2 protein chains.
Amino acid sequence: MRELNHPPRKSLTLTGVLYALSDPVRLAIVKHLAEDGGKACGTFCLPVAKSTASHHFRVLREAGVIQMRPEGTQYINSLRREDLDARFPGLIESVLRATGPI
Amino acid sequence: MRELNHPPRKSLTLTGVLYALSDPVRLAIVKHLAEDGGKACGTFCLPVAKSTASHHFRVLREAGVIQMRPEGTQYINSLRREDLDARFPGLIESVLRATGPI
DNA sequence: TCTATCGTTCGTAAACGATAGAACAATTAA
DNA sequence: TTAATTGTTCTATCGTTTACGAACGATAGA
């Protein structure tokens, strides 16, 4: 797998991040990654086809929410918590802490 | 002007609120309302036609982000801060505090 | 009344986004 | 070399979203 592009911290936009987080599938990915990072794409049990899942991982990556590190035949995903906390303090934490209807 | 429907606090969804906030025009509305609430729709100087602005106000209202109270020929808008804070503690504050690229 | 104001609603067009299947590329294991 | 695994990319579809102008409705004021 080849190295993918990730936006630098400074160019993350608030609307971009909010939009990336506003989809239930993507929010589920983010919540899983917050609990234990370093998971490959295939380990998420998402209710969509793998091409659709790939699309969602890409949206999260391009918004700067996750990092995708190639390793063998898979990508290891992790939350870009430090970058997110630096750019939008408290945002991710409040999103992760939210309860109730998705 | 007639009374409009507002979702009850309990039925606000995280993805719905995040989506409503993920548009630059709507985010601008929310930021203005956070600075001083009780503003009519026409006072916002938005870069879109009034029918489009009306659409954005509706999206914010239906997501539970703002309240629109009819008064004479206009609607007085305000942030539903208490409801938002109760459902998603810290979320709105972090969104309002965010700096840098929109 | 008549008029002006404020915002919604309607109709329409263009752009976007979520979805999936098929084909592809890269890597690993047999 | 062959096969299996992992995930991407391509293509297409379908519904949603944003946008605008025109028309409409409600209210206030002259």
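Note on naming: letters A, B, ... go to the chains in the order of the sequence lines (proteins, then strands), and numbering restarts at 1 for each one. What you are looking at is a predicted structure, and each value in this text was computed from that prediction instead of being measured.
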So, is [X] near the phosphate of [N], with a side-chain N or O under 4.0 Å from OP1 or OP2?
X	N	result
A:H56	C:dG17	no
B:T73	C:dT5	no
B:Y19	D:dT18	yes

### Query
Base, sugar-phosphate, or nothing: which does B:A53 touch, judged by heavy atoms less than 4.0 Å apart?
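B:A53: no heavy atom of the nucleic acid under 4.0 Å.
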### Sugar-phosphate, base or nothing in reach of A:H55, heavy atoms under 4.0 Å
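Here A:H55 touches the bases of the nucleic acid.
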### Task
Using the closest heavy atom to pick a nucleotide of DNA chain C for each, name whichever of A:S51 or A:G72 lands nearer the 5' end.
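By nearest-heavy-atom nucleotide position, the 5'-most residue is A:S51.
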### Task
Take B:M1 and A:L4, find for each the nucleotide of DNA chain D with the closest heavy atom, and name the residue whose nucleotide sits nearer the 5' end.
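Nearer the 5' end of the strand: A:L4.
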### Query
How do B:V59 and B:K50 order along DNA chain D: which one's closest nucleotide is nearer the 5' end?
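The residue closer to the strand's 5' end, by nearest nucleotide, is B:V59.
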Could you give the [atom1]-to-[atom2] distance, from [X] to [N], as a whole number of Å?
X	N	atom1	atom2	answer
A:R58	D:dT8	CZ	P	9 Å
B:R26	D:dA19	CZ	P	9 Å
B:M68	C:dT9	CE	C1'	13 Å
A:Q74	C:dT28	CD	P	10 Å
A:Y75	D:dT9	OH	C1'	12 Å
A:R2	D:dT6	CZ	C1'	14 Å
B:K39	C:dC6	NZ	C1'	16 Å
A:E62	D:dT9	CD	C1'	13 Å

### Identified pairing partner of C:dG7, criterion: Watson-Crick or G-U wobble below 3.5 Å
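Pairing partner: D:dC24.
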### Task
Please determine, for D:dG29, whether a Watson-Crick or G-U wobble partner exists with both distances under 3.5 Å, and give it or none.
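Partner of D:dG29: C:dC2.
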If I compare all heavy atoms of [X] with all of [Y], which pair ends up nearest, and what's the gap?
X	Y	value
A:F88	A:T13	CZ-C, 3.6 Å
A:V95	B:L91	CG2-CD1, 4.0 Å
A:P8	A:R80	C-NH2, 4.0 Å

### Message
Can you classify the ring geometry of B:Y19 versus A:Y19 as parallel (below 30°), tilted (30 to 60°) or perpendicular (above 60°)?
### Response
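Ring orientation, 0 to 90° scale: tilted.
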### Message
Is any side-chain heavy atom of A:R26 closer than 4.5 Å to one of A:V30?
### Response
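Heavy-atom side-chain distance check fails, nothing below 4.5 Å.
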